[in-house]
Enquirer: 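Got a structure here, written out as structure tokens. Questions coming.
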Amino acid sequence: MKFGGASIADGKKIKWVAELVNRYREHEIIVVTSALKDVTDSLLYRADVVADSGKIESVHELIEYLRNLHRTAAKIAISDEMVLGSVLNELDNQLHGLELALAGICHLGELTTRSRDYISSYGELLAAPILSGAMRSIGMPSVQFTGAEAGIITNSKYGEAKPLEDVHDRIRQKLLPLIGRCVPVVTGFVGEDESGIVTTLGRGGSDFSASLIGAAVHADEIWFWKEVSGIMTADPKIVPDARNIPIISYAEVMELSYFGAKVLHPRAIEPAIRDNIPVRVLNTFDPDFAGTLVVGGQEQGKEVVKSVTVIENTALINVSGAGMVGTIGVAARVFGVLAKAGVNITMISQGSSEANISIVVEESHLNSAVDAIKSEFKNGMIRELTRDSDVSSIAVVGCGMAGTPGVAARVFTAMGDANVNVIMISQGSSEHNISFVVRRADAEGAVRALHSEFGLGD
Ligand code: ASP
Ligand code: MG
């Protein structure tokens, strides 16, 4: 079971989470925790401030803020005095370590990627003792572990470290002897390299930690407790009658998350997919609701379309010129320079005339994308480079579309009926999604029209 920051935002919620885990105490459980809500952000933000300003007061301010936040949470979450005492002690120890590190950064005025990992790991390091203590306080045997203590050893790519090949064995060695005897509470997001330097698995990485551990111990299921009711047919802010999707495939979840449904990051469930372990997305604050079950295979349900998503802030770049026709390597150069410029491409389309390539990027990357392409093609092969930042991308997702004729016709007829102009279209040959670009002002209407066309609502 993995709990996200919003699920353990304060003492009351942590207490609730401990009681929730207790409901399942007849099962063998491992808990993975993330940091208290917003703590990772504050740590990273303040570390920058400290390094830039060199003001030691900002170190003290941050430490006192975190001390207060976590002590208050512990006092509310833990009623057993003995347990509370030891947890408060542990918090003080951790905060002392953090303070020393920040003071060093303050004096040096330098924040390396290695120190960023060290600093940001404290969110989880401070959360785990409180959650584990809250469980002990209601009579569940529990022990807290850092990622490394639980066997998560990584390479040294700070900020996005990858687990070593033998990580499953390491995790099994550390955790299997304990399962069933106590509930280990493991810090998500955090690992260590082979020389014992703290690493992190990338922002949002505690989902990944949970999948990794679940896969290593061959869990029956991996449960992600979030503050949403599973995965939805559409964003309920856009479509009021959007509903929960009870069962969905790994492939569909991956498609959805590429298109802005931020519930599960594809990378996060990759270890679960590889070992075919079912994943559940549950709501911490509505635990009796079945949530969404994510499984392998495509035999989940008869609906052709599962969900409709939109990425509001996208931009479209169109590269055209007769010089491109039949010339080999143009696309490679375009994508190459965009990659070098750190631009994330979300959709691509090229007609068979080869006279133009359309590329969709995140809006924030538009300027660097255009500059990069311009400087790569100074020789006239590209005649025109147009940009349009007033667009949104829409994706209709469902594995049942593969091999089912007529889905595209329904999608685009619905757009025509809703008077929405379609600017660009792309469908991968996996046929798991149809995506297209519309004017931003049309995006929400388009999502509603598609949601109702495919009968996804209540
Ligand atoms: N606390 C980390 C973050 O905010 C990891 C996580 O929450 O999954 O990125
Ligand atoms: Mg978080």
Side-chain angles (χ1 to χ4, degrees), residues 1-10 13-14 17 30-48 62 65-66 69-70 73 91 94-95 97-98 101-102 111 113-132 144-150 152 154 157-163 167 184-192 198-215 222-228 231 253 257 261-272 279-285 294:
M1 294 185 178
K2 182 263 172 175
F3 291 92
S7 295
I8 54 161
D10 57 37
K13 290 182 174 156
I14 296 174
V17 162
I30 298 170
V31 168
V32 172
T33 183
S34 99
L36 269 62
K37 189 173 189 310
D38 299 335
V39 168
T40 313
D41 284 336
S42 322
L43 283 165
L44 286 168
Y45 172 73
R46 296 295 287 261
D48 279 327
L62 176 62
Y65 164 75
L66 292 173
L69 182 78
H70 290 89
L91 294 179
Q94 296 289 6
L95 287 164
L98 175 61
L102 284 168
L111 187 60
T113 50
R114 171 173 157 175
S115 349
R116 284 176 76 83
D117 273 12
Y118 183 80
I119 299 293
S120 60
S121 73
Y122 274 92
E124 275 73 10
L125 292 178
L126 291 164
I130 309 178
L131 183 52
S132 181
Q144 83 236 17
F145 289 86
T146 65
E149 287 166 348
I152 301 186
T154 69
K157 194 153 190 323
Y158 304 114
E160 44 181 308
K162 300 275 175 297
V167 74
V185 175
V186 181
T187 60
F189 178 56
V190 182
E192 256 174 36
V198 173
T199 57
T200 67
L201 305 170
R203 290 308 307 272
S206 52
D207 282 1
F208 182 65
S209 309
S211 300
L212 204 56
I213 292 173
I222 303 171
W223 291 8
F224 293 97
W225 291 98
K226 309 234 166 198
E227 49 300 326
V228 292
I231 299 172
V253 166
S257 35
K262 288 272 148 54
V263 180
L264 277 180
H265 194 283
R267 200 175 53 96
I269 57 168
E270 192 261 335
V279 165
R280 248 178 233 281
V281 181
L282 294 155
N283 188 337
T284 310
F285 304 108
V294 190

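We count ligands from 1, going down the list as the structure has it; atoms in each ligand are counted the same way. All values below come from the heavy atoms of this structure, side chains included, with hydrogens, waters and symmetry mates left out. All of these numbers come straight from a predicted model, not from anything done at the bench.
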Enquirer: What atoms in ligand 1 come closer than 4.0 Å to a heavy atom of S34?
Expert: 6 (C), 7 (O)
Enquirer: Taking side-chain hydrogen bond (donor to acceptor under 3.5 Å, both in side chains) as the definition, give me every residue that meets it alongside E160, ordered by chain and number, with sequence neighbours left out.
Expert: none
Enquirer: May I ask you to check whether G202 has an N/O atom sitting below 3.5 Å from an N/O atom of ligand 1?
Expert: no
Enquirer: Does an N or O anywhere in D207 fall below 3.5 Å from an N or O of ligand 1?
Expert: no
Enquirer: Which ligand 1 atoms are under 4.0 Å away from a heavy-atom of R203?
Expert: 3 (C), 4 (O), 9 (O)
Enquirer: Run the contact test for G204 against ligand 1 with a 4.0 Å cut-off on heavy atoms, strictly below, and give the result.
Expert: yes
Enquirer: For T200 and Y158: C-alpha separation, side-chain torsions, deciding distance, then whether side chain to side chain contact (heavy atoms under 4.5 Å, CB included) applies.
Expert: CA-CA 6 Å; T200 67; Y158 304 114; over 6 Å; no
Enquirer: Would S206 count as being in polar contact with ligand 1, using the rule that some N or O on each side must be under 3.5 angstrom apart?
Expert: yes
Enquirer: I'd like to check the salt bridge (Lys or Arg N to Asp or Glu O under 4.0 Å) partners of E227; sequence neighbours left out, ordered by chain and number.
Expert: none
Enquirer: Thinking salt bridges, do D41 and R46 make one under a 4.0 Å N-O criterion?
Expert: no
Enquirer: Determine whether any heavy atom of G205 lies closer than 4.0 Å to an atom of ligand 1.
Expert: yes
Enquirer: For the side chain of D117 and the backbone of G159, is there at least one donor-acceptor N/O pair under 3.5 Å apart?
Expert: yes
Enquirer: Distance only, no hydrogens: is a donor on one side chain within 3.5 Å (strictly under) of an acceptor on the other, for T40 and S120?
Expert: no
